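None of these values were measured; they are calculated from a predicted model.
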Amino acid sequence: MGEGLINAIQITENGGPEVLRFTEVDAPEAGPGQLAVQVAAAGVNFIDIYHRQGVYPLPLPRVLGLEGAGRVIAVGEGVSAFQIGDRVAWLDVFGSYAQVAVDSPDKFILVPADVSDEQAAAVALQGLTAHALATDVYRINPGDAVLIHAGAGGVGLLLTQIAKIKGARVITTVSTPAKAALSRSAGADEVVIGYDDFPSQARAFTDGAGVNVVYDGVGAATFDGSLESIRRRGMMVLFGGASGQVPPFDIQRLNQRGSLTLTRPKVYDFVADHAEMVGRAADVFGWIADGRLDVRIGGRYPLAQAAQAQEDLAARKTTGKLVLIP
């Protein structure tokens, strides 16, 4: 690596995993009102794939990645809330698939000593997503019946545990028996293997009434069945599209299914205020520290293998959280 250069994963065009280039780029520097952080671990997320594909267009060339954890290595003029050596995590800092990332202080969260860098990187996006889903998008109450798709995935495992902390009864869907065992270990009361018959099993789980809420990050493959699984006046939370985006549909179906509510949230609208982001992180880090929230790292990849990490995530071969180690 040359002087003033860092390793990074950059794209110059949209496309498949082959457009991810492990290369050297100029090291970003902290300007006034900014922090520079040395990246210890970067999270791999579906939004990174959407950026690579151009589903969410970005100016190119671009270093990918939004999430990570590490240490502050430089503090720009006017920054007083952080100092060199602070351990931090983040979920919205472009260029995180790199050895160094730079952004404004309001994008960073202090990490307590009893949470590791990998744990912090694993929950910065998915943990705060799960927290927002369970507390604000739909506020889980004790006794609620909750259906969580992809229960062995990164969000699924965290959301299952948070739902149980809040007193819910949880049914999940997974694709394999091994993933079913993992979902049960996270606290799921019932696990459905496969996605063909989950509506009838969700109804049976609730004595025919249907669940209060479905958390669906799978998208196209599960959307119709999810609507069939919900009780009268329940909520459908569509927060991702791992199997493909849901096409436009007739909103009258919500009326026909029993006055359902449909929402399509993104976490960034629930952490736009720095105090709110810090508050959510405090809950999540606190649950990790007291042992109520287990963080599963499903795969660790060298930064140069970012393409393989994204392929594995998209193929749903993985469980828990995938991280890149620069």
Side-chain angles (χ1 to χ4, degrees), residues 6-11 14-23 25 37-56 58 62-70 88-101 103 107 109 111 115-130 150-159 175 179 182 217-219 239-244 266-268 284 294-326:
I6 59 168
N7 293 328
I9 298 294
Q10 186 182 63
I11 61 171
N14 297 121
E18 70 280 356
V19 305
L20 297 176
R21 295 175 55 244
F22 180 67
T23 187
V25 299
V37 294
Q38 182 175 18
V39 181
V44 181
N45 298 290
F46 273 100
I47 194 170
D48 305 332
I49 295 174
Y50 302 152
H51 286 153
R52 186 200 75 213
Q53 294 170 334
V55 175
Y56 301 155
L58 296 171
R62 166 76 66 171
V63 175
L64 286 185
L66 287 170
E67 177 189 38
V88 293
W90 59 89
L91 69 156
D92 189 22
V93 174
F94 275 109
S96 294
Y97 282 17
Q99 292 176 307
V100 176
D103 214 318
K107 296 294 186 74
I109 310 159
V111 177
V115 175
S116 72
D117 289 336
E118 287 190 1
Q119 287 177 321
V123 300
L125 180 62
Q126 293 184 337
L128 270 62
T129 294
V155 174
L157 288 170
L158 297 170
L159 183 54
S175 57
K179 289 183 177 182
L182 192 58
V218 175
F239 68 94
S243 67
K266 63 179 184 294
V267 66
Y268 302 107
V284 172
D294 178 63
V295 180
R296 177 180 174 82
I297 307 297
R300 297 171 179 83
Y301 300 74
L303 182 62
Q305 295 179 15
Q308 186 63 57
Q310 288 195 359
E311 286 187 85
D312 290 348
L313 180 64
R316 293 162 70 181
K317 294 179 179 178
T318 63
T319 58
K321 181 69 178 185
L322 306 186
V323 293
L324 301 176
I325 308 299

Going by salt bridge (charged side-chain N to carboxylate O under 4.0 Å, His left out), name the pairs with one or both residues in residues 116-129, residues two or more places apart or in two chains.
Arg71-Asp117, Arg87-Asp117, Glu118-Arg300
So, for Glu311 and Pro17, which heavy atoms are closest and what is the spacing to 0.1 Å?
CG-CG, 3.4 Å
Could you tell me if the side chain of Val37 sits less than 4.5 Å from the side chain of Val88, heavy atoms only?
yes
Applying the side-chain contact (heavy atoms from CB on, under 4.5 Å) criterion to Gln126, which one of Leu159, Val267, Leu158 satisfies it?
Leu158
When you compare the side chain of Leu20 with that of Ile11, does any pair of heavy atoms fall below 4.5 Å?
yes
State, yes or no, whether a side-chain contact exists between Asp48 and Leu313 at a heavy-atom distance under 4.5 Å.
no
Please tell me if the side chains of Val19 and Asn14 come closer than 4.5 Å, counting only heavy atoms from C-beta onward.
no
Just jot down the ring-ring contact (aromatic ring centres under 6.0 Å, His included) partners of Phe94, sequence neighbours excluded, or say none.
His51
Should Ile47 and Tyr268 count as side-chain neighbours, where that means a heavy-atom distance under 4.5 Å?
yes
Determine all donor-acceptor pairs shorter than 3.5 Å in which one atom belongs to a side chain in residues 303-310; sequence neighbours excluded.
| residue | atom | partner | partner atom | Å |
| --- | --- | --- | --- | --- |
| Gln308 | NE2 | Asp312 | OD1 | 2.8 |
| Gln310 | OE1 | Arg52 | NH1 | 2.6 |
| Gln310 | NE2 | Tyr97 | OH | 3.3 |

Any Leu66 side-chain heavy atom under 4.5 Å of Asn45 side chain
no
Closest heavy-atom contact between Leu157 and Ala152?
CD1-O, 3.5 Å
Heavy-atom closest pair, residues Ala124 and Gly68
CB-O, 4.4 Å
Identify the heavy atoms of Ser96 and Trp90 that sit nearest to each other, and give their distance.
OG-NE1, 2.8 Å
